[in-house]
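The basis for the numbers below is simple: all heavy atoms, side chains too, and nothing from hydrogens, waters or symmetry mates.
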Amino acid sequence: MTGRGDELHPPSKWKVVARDRTAATGWRDLAVQAPENLRRAWIALTSDPRSSADLSRQHRLKRDLKQVKIAGAELEQWQFEVTGGGRIWYAIDDDRKTLWVTHAGPGHPRRTDR
């Protein structure tokens with residue numbers, strides 16, 4: 001229950017959680033450099049994390065990046081393009097209704113260059 005002075009969040013069936021400190025720091029960097037883009041990304045992710053309506057912005061990662069293991073579970077890993085170079089990678093945990101941010105940052109992740 002929320003009370004007076006508590007921060008209020010938009011309703012969503014998804015919880016967004018940083019997997020580690022690096023992802024949290026990258027998220028914070030995106031919030032500083034592109035706050036409106038990050039807000040739009042958050043809305044898109046929590047509305048439909050598997051949307052492929054805009055394939056240039058949101059899609060499942062490929063090859064060895066398409067899945068990631070978190071807490072013993074193999075989860076789909078997706079990407080959202082926040083800016084020209086800035087990306088959010090996230091894993092979808094349907095059982096916990098959690099989106100695990102596995103990477104976030106204003107620079108293009110080199111691991112996708114092939």
Check the pair E76, Y90 against side chain to side chain donor-acceptor pair (under 3.5 Å), reporting the backbone distance first and the verdict last.
-> CA-CA 8 Å; E76 296 175 27; Y90 59 98; over 6 Å; no

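The nearest pair of heavy atoms linking G86 to L30 is CA-CD2, 4.3 Å. Contact record, W78 with R50: CH2-O, 3.2 Å, taken as the closest heavy-atom pair. Closest heavy-atom contact between A23 and A104: O-CB, 3.7 Å. Here the closest heavy-atom approach between residue L65 and residue L61 is recorded as O-CB, 3.6 Å.
A single hydrophobic cluster is seen to contain both L45 and W14, as judged by linkage of ILVMFWY side chains at heavy-atom distances under 4.5 Å, directly or through other members. Clustering ILVMFWY residues whenever any of their side-chain heavy atoms sit less than 4.5 angstrom apart, transitively, puts I88 in a cluster other than the one holding W100. Residues V101 and V17 do not share a hydrophobic cluster, clusters being chains of Ile/Leu/Val/Met/Phe/Trp/Tyr side chains in contact below 4.5 Å.
Taking a 6.0 Å sphere around CZ of R19, one finds it holds more than 12 heavy atoms contributed by other residues, nucleotides or ligands. Heavy-atom contacts from other residues, nucleotides or ligands closer than 6.0 Å to NZ of K62 number 12 or fewer.
Using a 4.0 Å cut-off between charged nitrogen and carboxylate oxygen, K15 and D93 do not count as a salt-bridge pair.
The closest donor-acceptor contact from the side chain of R87 to the backbone of G84 lies under 3.5 Å. Q79 places no side-chain N or O within 3.5 Å of a backbone atom of R57 that could act as its donor or acceptor partner. Here the side chain of T98 pairs a donor or acceptor atom with the backbone of R96 at under 3.5 angstrom.
A donor atom on one side chain and an acceptor atom on the other are not found under 3.5 Å apart for Q58 and S52. Between Q67 and E74, the side chains place a donor N or O and an acceptor N or O closer than 3.5 Å (distance only, hydrogens not considered).
Here CD of Q77 is found 9.5 Å from CG of D64. Values are rounded to the nearest 0.5 Å. Put simply, CG on L99 and CZ on F80 are 12.5 Å apart, with the number rounded to the nearest 0.5 Å. A distance of 9.5 Å separates CZ in R28 from CZ in R21, rounded to the nearest 0.5 Å. In this structure, CG in L38 is found 9.5 Å from CD in E36, a value given to the nearest 0.5 Å. Rounding to the nearest 0.5 Å places CG of L75 at 9.0 Å from CD1 of I92.
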